[in-house]
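This report refers to the structure that appears directly beneath it.
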Amino acid sequence: MKTQLYSFWRSSAAFRVRIALNLKGLDYEVIPVHLLKSGGEQSSPDYANKNPNRLVPLYTDGTHNIHQSLAIIEYLEEIQPNPPLLPQTPVDRAWVRAVAMDIAIDIHPMNNLRVLRYLIKNLGVSVDAKEGWSQHWMSLGLTSLEKQLRSDSRVGRFAYGDQPGLIDICLVPQIFNALSAKLDLKAYPTLMKIFYECMKLPAFIDASWEKQIDAEGSNPPAPQEE
């Protein structure tokens, strides 16, 4: 049975898993879960029975259901070690995981769909204020990432060396969010250099917004690579 990924075309977390699956060369079927229609299909009883946290992604082989993007990616790394998404040495593996978590755990949740909807629907925040909130937290997090990666000797063509890995998998969807939010990215040349390198690869291109079977729009426009 082909494995299945419950996904939404603009979900950053699902985007990460799509990239990882593509880099590993693993075959999978995307099952769309629309996060907006009918109050969000992720809240339906059928989906909630599969994934009680009512979020995407959810990865299943028909027997086992695995949620949380980083847990899914770590699982893929264990069942399909090549090509590796993590370094060999414990200290470098810890560093890569930490930077990936800076994105997936510290930056992304602040501009997650359900957080932004709560700001507007429950707290009465204006659309402009909501966008300001999102840009503030993205800018704060990306500034920290730029500082970390700018002078680290482990950075190569990608965030760790010259092969794409876990940091890149987390970074690209976050840059998509920043571009969509019209955040000025000139202050992050290191991050953008890595982003452009990633977006030359089919694994990243094919995982992007506009390539999804449930896509309702194009990728956000990126400035020309310098």
Side-chain angles (χ1 to χ4, degrees), residues 1-81 85-86 97 100-122 130 134 137-138 141 165-177 180 203-204 206-217:
M1 178 180 177
K2 183 186 292 187
T3 59
Q4 297 177 325
L5 179 69
Y6 290 82
S7 172
F8 179 62
W9 68 288
R10 282 193 58 158
S11 163
S12 297
F15 193 170
R16 294 176 204 135
V17 178
R18 296 194 300 260
I19 297 169
L21 285 162
N22 293 347
L23 286 171
K24 293 289 187 183
L26 295 170
D27 192 21
Y28 64 100
E29 177 187 9
V30 168
I31 307 297
V33 179
H34 204 293
L35 302 185
L36 298 172
K37 285 182 181 177
S38 304
E41 292 176 353
Q42 72 277 17
S43 296
S44 70
D46 181 60
Y47 186 74
N49 285 335
K50 296 182 180 73
N51 187 10
N53 77 351
R54 303 184 183 191
L55 297 170
V56 294
L58 175 71
Y59 181 76
T60 179
D61 62 4
T63 303
H64 304 101
N65 293 337
I66 306 172
H67 69 288
Q68 288 295 351
S69 63
L70 295 185
I72 297 169
I73 294 167
E74 292 268 4
Y75 172 75
L76 298 177
E77 181 78 346
E78 292 175 359
I79 65 169
Q80 179 71 36
L85 303 178
L86 289 164
R97 285 185 172 111
M101 289 178 185
D102 285 341
I103 302 168
I105 296 176
D106 287 341
I107 303 175
H108 172 240
M110 303 302 285
N111 42 81
N112 187 278
L113 176 62
R114 63 178 179 173
V115 172
L116 300 180
R117 291 176 74 179
Y118 187 86
L119 288 175
I120 292 177
K121 290 189 175 183
N122 296 77
K130 182 264 292 182
S134 186
W137 294 112
M138 277 193 280
L166 184 60
I167 296 174
D168 312 292
I169 287 169
C170 293
L171 177 64
V172 166
Q174 189 58 58
I175 295 296
F176 266 60
N177 284 346
S180 180
F204 288 82
D206 293 342
S208 68
W209 293 357
E210 64 191 21
K211 296 291 186 177
Q212 302 314 297
I213 60 173
D214 57 335
E216 297 177 357

Subject >> Partner of Trp209 by ring pair (Phe, Tyr, Trp, His ring centres under 6.0 Å), out of Phe8, Phe204, Phe176 >> reply: Phe176
**OP:** Determine whether Leu55 and His67 make a side-chain contact, defined as any pair of heavy atoms from C-beta on separated by less than 4.5 Å.
**Re:** no
Original post:
Does CZ belonging to Arg117 count more than 12 external heavy atoms closer than 6.0 Å?
Top reply: yes
Original post:
Hey, does the side chain of Thr60 reach the backbone of Gly62 with a donor-acceptor pair shorter than 3.5 angstrom?
Top reply: yes
Original post:
Of all heavy-atom pairs between Arg16 and Ser69, which one has the smallest distance, and what is that distance?
Top reply: NH1-OG, 2.8 Å
Original post:
Distance-only, no hydrogens or angles: does the Asp168 side chain make a donor-acceptor pair with backbone N or O of Gly165 under 3.5 Å?
Top reply: yes
Original post:
Counting distance only, does the side-chain N/O of Ser7 pair as donor-acceptor with the main-chain N or O of Val56 below 3.5 Å?
Top reply: no
Subject >> Charged N-O contact under 4.0 Å between Glu216 and Arg10 >> reply: no
Original post:
In Å, rounded to the nearest 0.5 Å, how long is the span from CG of Leu116 to CE of Met110?
Top reply: 9.5 Å
Subject >> Smallest separation among heavy atoms of Val33 and Gln42, with atom names >> reply: CG1-N, 3.6 Å
**OP:** May I ask you to test the Cys170-Leu70 pair for a side-chain heavy-atom distance under 4.5 Å?
**Re:** yes
Original post:
So do the side chains of Asn22 and Tyr28 get within less than 4.5 Å of each other, counting heavy atoms only?
Top reply: yes
